[in-house]
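We name chains A, B, ... by the order of the sequence lines, and we start the count at 1 in each one.
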Amino acid sequence: MGINNLFEKVYRVVKNIPKGKVASYGQIAKLARVRGLSKRKITPRMVGIALHKNPDPENIPCHRVVNKDGRIAENYAFGGWKKQKKKLLVEGVKFIDEMHVDLEKFFWKPRP
DNA sequence: TGTGTGACGATCG
DNA sequence: GCGATCGCCACAC
């Protein structure tokens, strides 16, 4: 675990996503930016990369992160998109089609 | 050391 | 409306 690692900030935010909710890459990027107060910018792209290299899937629920349209990740690093979908379904997250979660109902709205 | 390549997203022509 | 392009940074080569 690094100290100044941008990835760490991402992981910290992702850990806060409650069970049964999903967040977007862009949303995580913003939250990590505020929390980090870093001069470096965390972009949604960075978030995706960070989660792809998730060192601790047990404690970092990266399956709860989808893109802005609610689409799950084709290249989900721990078994592919079907695995990600399964994990979400088990938590009660509903899908509107094969690869899109119902953002209307399950999008995480963090408290201010 | 330089270059290419990413679980993305906003913008531009 | 869609593809190209860019921003951003870590990492493999």
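- For the pair A:Lys68 NZ and B:dC8 C1', the computed distance is 9 Å after rounding to whole Å.
- Nearest heavy atoms, A:Cys62 versus A:Tyr76: SG-CE1, 3.9 Å.
- Within 4.0 Å (heavy atoms only), A:Asn67 reaches sugar-phosphate atoms of the nucleic acid but no base atom.
- Applying the Watson-Crick and G-U wobble criteria (two distances, each under 3.5 Å), C:dT5 pairs with B:dA10.
- Side-chain atoms of A:Asp102 and A:Phe107, non-hydrogen and from C-beta on, never get closer than 4.5 Å to each other.
- A:Asn16 and A:Trp108 get closest at one heavy-atom pair: O-CZ2, 3.6 Å.
- Using a 4.0 Å heavy-atom criterion, one finds that A:Ala77 contacts the bases of the nucleic acid, with or without backbone contacts as well.
- Grouping the Ile, Leu, Val, Met, Phe, Trp and Tyr side chains by contacts below 4.5 angstrom, directly or via other members, places A:Val65 apart from A:Phe106.
- Separating the NZ atom of A:Lys9 from the P atom of C:dC8 is a distance of 15 Å, rounded to the nearest angstrom.
- Rounded to an integer number of Å, the gap from A:Asn54 CG to C:dC11 C1' is 17 Å.
- Among the nucleotides B:dG6, C:dC11, B:dG9, the one closest to any side-chain atom of A:Lys53 is C:dC11.
- Closest of all the heavy-atom pairs between A:Lys21 and A:Val93 is N-CG2, 4.3 Å.
- B:dC8 atom C1' lies 16 Å from atom CG of A:Leu6, rounded to whole Å.
- Distance check on atom C1': B:dA7 versus C:dC13 gives 22 Å, rounded to whole Å.
- Pairing for B:dT1 is absent, judged as Watson-Crick or G-U wobble with the two contacts each under 3.5 Å.
- Of the candidates B:dA7, B:dG6, C:dG7, the closest approach to any side-chain atom of A:Cys62 belongs to B:dA7.
- Nucleotide B:dG9 holds its C1' atom 10 Å from the NZ atom of A:Lys30, rounded to whole Å.
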For nucleotides 3-5 of chain C, give me every protein contact, N/O to N/O, under 3.5 Å, one pair per line with atom names.
none

For this session: Applying side chain to side chain contact (heavy atoms under 4.5 Å, CB included), run through A:Leu103 and A:Val66 and close with a yes or a no.
Result: CA-CA 10 Å; A:Leu103 281 184; A:Val66 298; 4.3 Å; yes
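- Only the P atoms considered, C:dC6 is 15 Å distant from B:dT3, to the nearest whole Å.
- Side-chain contact between A:Phe7 and A:Ile49: present, with at least one pair of heavy atoms (C-beta onward) separated by less than 4.5 Å.
- Comment: A:Arg64 engages A:Glu91 in a salt bridge, judged by a side-chain N to carboxylate O separation of less than 4.0 angstrom.
- Separating the CE atom of A:Met46 from the P atom of B:dA7 is a distance of 11 Å, rounded to the nearest angstrom.
- When each of B:dC8, C:dC11, B:dG6 is scored by its nearest atom to the side-chain atoms of A:Phe7, the top-ranked nucleotide is C:dC11.
- Taking the P atoms as reference points, B:dC8 lies 22 Å from C:dG1, given to the whole Å.
- Rounding to whole angstrom units, CG of residue A:Leu103 and P of B:dC8 are separated by 15 Å.
- For the pair A:Arg45 CZ and C:dG7 P, the computed distance is 12 Å after rounding to whole Å.
- Between the side-chain ring of A:Tyr76 and the base of B:dA7, a stacking contact exists by the 5.5 Å and 30° definition.
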